Amino acid sequence: MRPWTRLPDWGTLLAGLYAALSPIWVSTTGERDAFWALIALGALLAVTSLFSLALPGVVATEWLTVLFGVLLFVAPWVLTYTDRVGASWTSWVVGAIAVVLGGFSVPASNRIHRQAILP
């Protein structure tokens with residue numbers, strides 16, 4: 001597969017950018033943990049999806065996408081910002097999207113990785 005052509009990675013990039021920018025329109029007033037969790041984990045999702053787009057045979061980036069999606073999904077409970085409805089729903093939805101799209105991309109990355117190794 002050619003770089004920059006895999007749709008699930010583009011979806012993860014958009015979801016990560018949405019999460020990273022969401023404190024602009026989602027209320028995180030008084031919740032610094034929600035503010036920074038959305039920005040940091042959203043940015044990490046966006047960066048790993050960029051690596052996945054540029055290097056489609058690197059399987060580790062897909063697993064990192066899944067990991068960051070899980071962390072984003074559980075962040076409202078761990079960092080106790082479930083009372084901020086907009087921030088928590090953003091975390092849950094973007095986290096679930098990242099887990100699904102990242103998990104969907106793992107087999108394709110494995111296949112590309114094996115083809116690159118075999119002579």
Side-chain angles (χ1 to χ4, degrees):
M1 177 167 276
R2 295 178 320 148
W4 306 102
T5 59
R6 210 163 36 192
L7 289 179
D9 292 331
W10 283 106
T12 306
L13 174 65
L14 292 176
L17 289 175
Y18 181 85
L21 296 174
S22 68
I24 295 171
W25 56 82
V26 171
S27 174
T28 57
T29 306
E31 287 291 337
R32 288 183 29 189
D33 292 339
F35 180 81
W36 288 111
L38 288 169
I39 291 173
L41 291 171
L44 287 170
L45 273 175
V47 168
T48 55
S49 64
L50 282 174
F51 275 105
S52 294
L53 282 165
L55 305 165
V58 179
V59 183
T61 57
E62 304 303 338
W63 286 113
L64 283 173
T65 298
V66 172
L67 172 69
F68 295 143
V70 169
L71 291 176
L72 193 57
F73 188 81
V74 300
W77 292 295
V78 173
L79 300 175
T80 64
Y81 62 89
T82 53
D83 57 331
R84 300 283 183 233
V85 177
S88 58
W89 273 101
T90 300
S91 290
W92 293 326
V93 170
V94 172
I97 288 170
V99 168
V100 169
L101 292 179
F104 181 74
S105 297
V106 168
S109 288
N110 277 331
R111 189 172 47 256
I112 295 166
H113 182 71
R114 275 191 237 112
Q115 288 174 351
I117 292 175
L118 295 175

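Only a predicted model underlies this, so the values are computations on that prediction, with no experimental measurement involved. Sequence positions, counted from 1, serve as the residue numbers for this chain. The basis for the numbers below is simple: all heavy atoms, side chains too, and nothing from hydrogens, waters or symmetry mates.
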query = Mind checking whether Leu7 and Leu17 sit in one hydrophobic cluster, side chains of I, L, V, M, F, W, Y counted as touching below 4.5 Å?
reply = no
Residue list, side chain to side chain contact (heavy atoms under 4.5 Å, CB included) with Ile97, at least two apart or on another chain = Ala15, Val93, Leu101
key: Spacing of Leu50 atom CG and Leu45 atom CG [to the nearest 0.5 Å]   = 11.0 Å
request  = Would you give the length of the straight line joining atom CG of Leu64 to atom CZ of Phe51, rounded to the nearest 0.5 angstrom?
outcome  = 10.5 Å
request  = Could I get the full list of side chain to side chain contact (heavy atoms under 4.5 Å, CB included) partners for Val26, not counting sequence neighbours?
outcome  = Ser22, Ala87, Thr90
task = Mind checking the CZ-OG1 spacing from Arg84 to Thr29? Nearest 0.5 Å is all I need.
result = 6.0 Å
task = Step through the shown structure and confirm whether more than 12 heavy atoms of other residues, nucleotides or ligands are within 6.0 Å of CH2 on Trp36.
result = no
query = So, for Trp10 and Thr5, which heavy atoms are closest and what is the spacing to 0.1 Å?
reply = NE1-N, 4.4 Å
request  = Hey, could you give me the CG/OG distance between Leu41 and Ser91, rounded to the nearest 0.5 Å?
outcome  = 8.0 Å
task = Would you kindly confirm whether Leu13 and Ile24 end up in one hydrophobic cluster when ILVMFWY residues are joined by side chain heavy atoms under 4.5 Å apart?
result = no
request  = Using the rule that two of Ile, Leu, Val, Met, Phe, Trp, Tyr join whenever any of their side-chain heavy atoms come within less than 4.5 Å, decide whether Leu72 and Trp77 are in one cluster.
outcome  = no
message = Are Tyr18 and Leu14 connected into the same hydrophobic cluster when the rule is that any two of I, L, V, M, F, W, Y join if their side-chain heavy atoms are below 4.5 Å apart?
response = no
query = With the 4.5 Å side-chain cut-off for hydrophobic clustering, are Phe73 and Leu38 part of the same group?
reply = no
message = Are more than 12 heavy atoms, taken from residues, nucleotides or ligands other than Trp89, located less than 6.0 Å from that residue's CH2 atom?
response = no
ask   = How many angstroms lie between atom CH2 of Trp63 and atom OG of Ser105, to the nearest 0.5 angstrom?
value = 11.0 Å
message = Can you confirm whether Phe68 sits close enough to Val94 that some side-chain heavy atom of one is under 4.5 Å from a side-chain heavy atom of the other?
response = no
query = Which heavy atom in Glu31 sits nearest to a heavy atom in Thr80, and how many Å separate them?
reply = OE1-O, 3.9 Å
query = Taking C-beta and beyond as the side chain, do Val99 and Phe104 meet within less than 4.5 Å on heavy atoms?
reply = no
query = Roughly how far apart are Leu79 CG and Ser88 OG, rounded to 0.5 Å?
reply = 12.0 Å
